[in-house]
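Counting begins at 1 with the first residue of the sequence. Being a predicted model, the structure only gives us computed values, none of them experimental.
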Amino acid sequence: MTRLSVELLAADPVEPITSAGHAQLGIAVLAGIAVIVLLITKYKLHAFLALTIGSLALGAFAGAPLDKAITSFTAGLGATVASVGVLIALGAILGKMLADSGGADEVVDTILAKAGGRSMPWAMVLIASVIGLPLFFEVGVVLLIPVVLMVAKRGNYSLMRIGIPALAGLSVMHGLVPPHPGPLVAIDAVGANLGVTLALGVLVAIPTVIIAGPLFSRYAARWVDVPAPDRMIPQRASEELERRPSFGATLTTIMLPVVLMLSKALVDIVIDDKENTTQRVFDVIGSPLIALLTAVLVGIFTLLRPAGFGKERVSGLVEKGLAPIAGILLIVGAGGGFKQTLIDSGVGQMILEISEDWSIPALLLAWLIAVAIRLATGSATVATVSAAGLVAPLAAGMSTTETALLVLAIGAGSLFFSHVNDAGFWLVKEYFGLDVGQTIKTWSVMETIISVVAGGTVLLLSLVI
């Protein structure tokens, strides 16, 4: 029996919290998701509250006693926050350090100084992909949009030709590559190896960002030809600083946790001996917690000190970096509670049995479920955590690579067709000065391309590795 199988069995109670049949469980799942969708879309309730109420509704419709449904939800919430919460917090701190020190501006300015003409869209997708590794999508948008607008205006480029590659780079990193919240939650839910998922996520991301970014931007620029709005060019962080960290130091800090986690994955594959001293060392330094913590500590000396930050300012920056993620942590935690309620109700086992009867490949099923929830709720994170909970039993018996691809299939599906119920849709619309139709022709189509290309690449990889 694999470690994953043991974990899945340990996660399930000795007895399910309900003895409902497939028909009742199916109705319960649809009703629970419908409650979540209705509360988020119609009543504009925060996703944390919607997921909490939806989890209890799921248990009630499945015929589970309320006390057992509450126990399942709180157990899942606690386990998810314990395993993922610290990583999200460290990622937020690193992103804040990168932005406030001027390190992100240094990377942007250095790459743009060496790019021009037809290479500019490629430079933008490279910048967004690098910057997007440690930054949440919303933070990356706020950070990069001023650069996009300035480059488009000063260089007389089409706004879409420059903007779409930047958005594609940020969105792909957000949906497919840890330490972003969605992939982390999916990894935790299905018991995937983070290093292997990270490596395969980067592999899937490369063709995806090329097609959805520089290549699609050619058509987007023809469909929507608008100038860069002057009113949306805010002051950049580094304009208030006397000095900022170097390009090399900034890039090293950004890539440090990625290198450490990938090194652990590589050593695990090459050595595969838990008693080996080398592997045990890399198991420690390559664990997500230590890798991100190391990057944060290194960043104090490579990012903040060169920018002139004293001890008190460093402490204040960390506090400010943690404040905005409270909502994200609650959503992720509630998603974990919803997942555990699904598992304890027997819904996961039902999905497993149905998929066997229908002969639907697990990766395609995971992608389709994530797509459906994304379209309904508008949230990539909600789609990811909900889909991961539904398909978690499918991971039993899968290899390390297959489990990682399952996570990426969920992530790809969670990005499908962003529209008016997605906060990111309105963020892009306002920053670029577009109307709703123009935003759909550019941003929404780009997100759909990302989802389809990434999902297709995951399926292709499953055939060859």
*asked:* What verdict does the side chain to side chain contact (heavy atoms under 4.5 Å, CB included) test give for Thr294 and Ile285, after you've listed the backbone C-alpha separation in whole Å, the side-chain angles of each residue and the deciding distance to 0.1 Å?
replied: CA-CA 9 Å; Thr294 301; Ile285 65 174; over 6 Å; no
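- One distance of note links OG1 of Thr74 with CD of Gln340; it measures 9.5 Å at 0.5 Å rounding.
- When all heavy atoms are compared, the tightest approach of Ala388 to Ile410 is CA-CD1, 3.7 Å.
- Contact detail for Ala334 and Leu51: the closest heavy-atom pair is CB-CB, 3.7 Å.
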*Take Met160 and Leu434, measure what side chain to side chain contact (heavy atoms under 4.5 Å, CB included) needs, and give me the verdict at the end.*
CA-CA 11 Å; Met160 291 299 108; Leu434 307 174; 4.2 Å; yes
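- Remark: the backbone N or O of Glu402 is paired with a side-chain donor or acceptor of Ser399 at under 3.5 angstrom.
- Taking all atoms of both residues into account, the shortest heavy-atom contact from Ala128 to Leu170 is O-CD2, 3.8 Å.
- A salt bridge links Arg244 to Asp109: one of the charged nitrogens lies within less than 4.0 Å of a carboxylate oxygen.
- Remark: the backbone N or O of Ser451 is paired with a side-chain donor or acceptor of Trp367 at under 3.5 angstrom.
- Relative ring orientation between Tyr219 and Trp223 is described as tilted, the plane-to-plane angle lying within the 30° to 60° band.
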*Give the C-alpha distance, both sets of side-chain angles, the deciding distance and a yes or no for side chain to side chain contact (heavy atoms under 4.5 Å, CB included) between Thr253 and Phe301.*
CA-CA 10 Å; Thr253 307; Phe301 300 97; over 6 Å; no
*What do the steps show when you test Ser414 against Arg374 for side-chain hydrogen bond (donor to acceptor under 3.5 Å, both in side chains), and what is the final call?*
CA-CA 5 Å; Ser414 75; Arg374 159 69 161 183; over 6 Å; no
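- Side chain of Ser287 to main chain of Val284: a donor-acceptor pair is present (N/O by atom type, distance under 3.5 Å, no hydrogens or angles).
- Side-chain contact between Phe432 and Val226 is absent, with no heavy-atom pair separated by less than 4.5 Å.
- Residues Met97 and Leu304 are in side-chain contact: their nearest non-hydrogen atoms beyond the backbone lie under 4.5 Å apart.
- Looking only at side-chain heavy atoms (C-beta outward), Leu184 and Asp188 stay at 4.5 Å or farther from each other.
- Ser418 contributes no side-chain N or O that, together with a main-chain N or O of Ser444, makes up a donor-acceptor pair within less than 3.5 Å.
- In this structure a side-chain-to-backbone donor-acceptor pair under 3.5 Å is present from Thr208 to Val204.
- Remark: side-chain polar atoms of His174 are not paired, donor with acceptor, to backbone N or O of Leu415 under 3.5 angstrom.
- Stacking of Arg161 on the aromatic ring of Tyr157 is not recorded, the 6.0 Å distance cut-off and the 45° axial limit not both being met.
- Taking CG from Leu38 and CD1 from Ile53, the interatomic distance works out to 10.5 Å, rounded to the nearest 0.5 Å.
- Side-chain contact between Leu394 and Val190 is absent, with no heavy-atom pair separated by less than 4.5 Å.
- Proximity of Ile300 to Phe309: side-chain heavy atoms (C-beta onward) are nowhere separated by under 4.5 Å.
- Within the 4.5 Å cutoff, the side chain of Asn193 has no heavy atoms near those of the Thr403 side chain.
- Here Thr277 contributes atom OG1 and Ile271 contributes atom CD1; the two are 9.5 Å apart, rounded to the nearest 0.5 Å.
- Summarising the geometry, atom OG belonging to Ser171 is positioned 8.5 Å from atom CG belonging to Leu176; distances are rounded to the nearest 0.5 Å.
- The backbone N or O of Gly182 lies less than 3.5 Å from no partner atom in the side chain of His180, so there is not a single donor-acceptor pair.
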*After noting the C-alpha distance and the side-chain angles of Leu408 and Leu363, does the key distance pass the side chain to side chain contact (heavy atoms under 4.5 Å, CB included) rule?*
CA-CA 9 Å; Leu408 297 177; Leu363 298 179; over 6 Å; no
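- Put simply, the side chain of Ile254 reaches to within 4.5 Å of the side chain of Leu98, judged on heavy atoms.
- Between Pro257 and Ala291, the shortest heavy-atom contact is CB-O, 3.7 Å.
- Separating the OG1 atom in Thr302 from the CG atom in Leu297 is a distance of 10.5 Å, to the nearest 0.5 Å.
- The shortest heavy-atom contact between Ala370 and Ala383 is O-CB, 3.6 Å.
- Note: Lys96 NZ to Ile93 CD1 = 11.5 Å, rounded to the nearest 0.5 Å.
- A heavy-atom distance below 4.5 Å is not found between the side chains of Leu90 and Leu94.
- Closest of all the heavy-atom pairs between Ala395 and Leu406 is CB-CD2, 4.0 Å.
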